[in-house]
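The figures here come from the full heavy-atom set of this structure, side chains too, leaving out hydrogens, waters and symmetry mates. Atoms within each ligand, like the ligands themselves, are counted from 1 in listed order.
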Amino acid sequence: MAENQKTVFKSVQELANENQVPEKYIHTQGSINSSCPMLNVPVVDLRLLTSTARKQELNKLQSGLKFCGCIQVINHGLADSFLDKVHEISKQFFALPAEEKLKYARTVDDIYGYGNDSVLSDKQKLDWTDRLYLNVFPEAIRNLKLWPQKPECFREVFEEYINNMKLLSESLLKAMAVSLNLEENCFLDQCGEGREMIARFNFYPPCPTPEVVLGIKPHADASAITILLQDKEVEGLQVLKDDQWFRVPIVPYGLLVNVGDQVEIMSNGIFKSPVHRVVTNADQERNTLAVFIMPDVTDGIGPVEKLINEEMPRAYKDVKNYVELFFQSYQHGKRPIETAMICQEQD
Ligand code: OGA
Ligand code: NI
């Protein structure tokens, strides 16, 4: 099996070292602009949520998620020195020899483990990124064989990080509900006790032809919400707003929180799941860590009743297994959330 893996697997890192950009990575429609305007992503101070300034901060959170589908959060309880360690384990893992990393290689038809972009359709352009994709919660679904043992502190640091992300995601989902005058558990309850958390380390090697290659092609996340630890120094993430691409700024030691398709549905479209992409650059590598909160697939989700009224009719159907729907529409080149939308004509 391991031999088999090696013959099919070529990491983007290897391509970068050989200065090769295969055709599958090249976008032929237009040049990719990496110097578009900066998006003014609101910075929400989570410490203020427990102070007398709570109302004001909740308003900022709400307006940010309506305005661009994302916010930067600071004072989230994770120390700068600890986030430095998280950056380090990611860098150190991808810097290991190929042979060591391949111990955690994903199989061809699975997304979990270390690998490059999964090929879902023939026409698909590939992302200029190597990934380490890990299942983290509930603990029962962890596949520890895929959790690196090098660098030595990987598991310990990672575990502390994801435990923090679990708590943070719960407070964020509560704050999001309260900001809309809803009962605080209404998003969290829809995510369910069996909700999953998935972590993805993204490693973007420098690319010899950044004007025609993307680190990640445009997509919106299938999650309820996503929490992203951006690279501390190297930009790359862009968000589409009003049909225009904007750069997402780096807030040192802040975390970027974005709405995923499933909270867009739960909020009946008040919060929008932003389409985003990652651009590459010719001389610096970039490391990020995304944590996706995925609602339990057995119960399904739908717009919160209190958000459906005459002024704002129900805009989405209830959906059961959104992730399955997500991958099906992906193959047809459609935005997955369109499948859940109720067309105006049908009302
Ligand atoms: C993702 C993603 C952005 C980044 O992993 O879904 O959008 O900057 N990542 O790595
Ligand atoms: Ni994303």
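Figure legend: cation-pi geometry between Lys85 and Tyr161 absent, as NZ or CZ is not positioned both under 6.0 Å from the six-membered ring centre and within 45° of its axis.
Side-chain atoms of Asn116 and Asp130 form no donor-acceptor pair, as typed in the model, at a separation below 3.5 Å. Side-chain contact of Asp231 with His87: a donor-acceptor pair under 3.5 Å is absent, judged by distance alone. Counted by atom type alone, Tyr316 and Asn268 present zero donor-acceptor pairs between their side chains at under 3.5 Å. When only modelled atom types and interatomic distance are considered, Asn33 and Ser35 share a side-chain donor-acceptor pair under 3.5 Å. No side-chain donor-acceptor contact under 3.5 Å links Lys60 and Gln56.
At a 3.5 angstrom cut-off on N or O pairs, Gln230 does not count as close to ligand 1.
Summary: OD1 is the N/O/S atom of Asp221 found nearest to the Ni ion (ligand 2). Of all N/O/S atoms in His219, NE2 sits nearest the Ni ion (ligand 2).
Of all atoms in ligand 1, listed by their number and element, those nearer than 4.0 Å to a heavy atom of Asp221 are 6 (O). Residue His276 has at least one heavy-atom neighbour below 4.0 Å for each of these atoms of ligand 1: 7 (O). Shown in contact with Val278 at under 4.0 Å from a heavy atom are these atoms of ligand 1, numbered in order with element: 3 (C), 4 (C), 8 (O). Listed by number with element, the atoms of ligand 1 under 4.0 angstrom from any heavy atom of Arg200 are 1 (C), 5 (O), 6 (O). Within ligand 1, counting atoms from 1 as listed, the ones closer than 4.0 Å to a heavy atom of Thr288 are 4 (C), 8 (O), 10 (O). Every atom of ligand 1 is numbered from 1 in the order shown, and the set under 4.0 Å from a heavy atom of Ile216 is 1 (C), 2 (C), 5 (O), 9 (N). For ligand 1, the atoms lying closer than 4.0 Å to a non-hydrogen atom of Arg286 are 4 (C), 8 (O), 10 (O).
Of the possible polar contacts, one joining the Lys101 side chain to the Phe94 backbone as a donor-acceptor pair under 3.5 Å is found. Using a distance-only test at 3.5 Å, with no hydrogens or angles considered, no donor-acceptor pair links the side chain of Arg277 to the main chain of Val279. Between the side chain of Tyr112 and the backbone N or O of Thr107, no donor-acceptor pair lies under 3.5 Å.
Heavy-atom separations between His219 and ligand 1 include at least one value shorter than 4.0 Å.
Contact annotation: for Thr226 versus ligand 1, there are no heavy atoms closer than 4.0 Å.
Closest to atom 4 (C) of ligand 1, if we only count protein heavy atoms, is Tyr204 OH, 3.4 Å.
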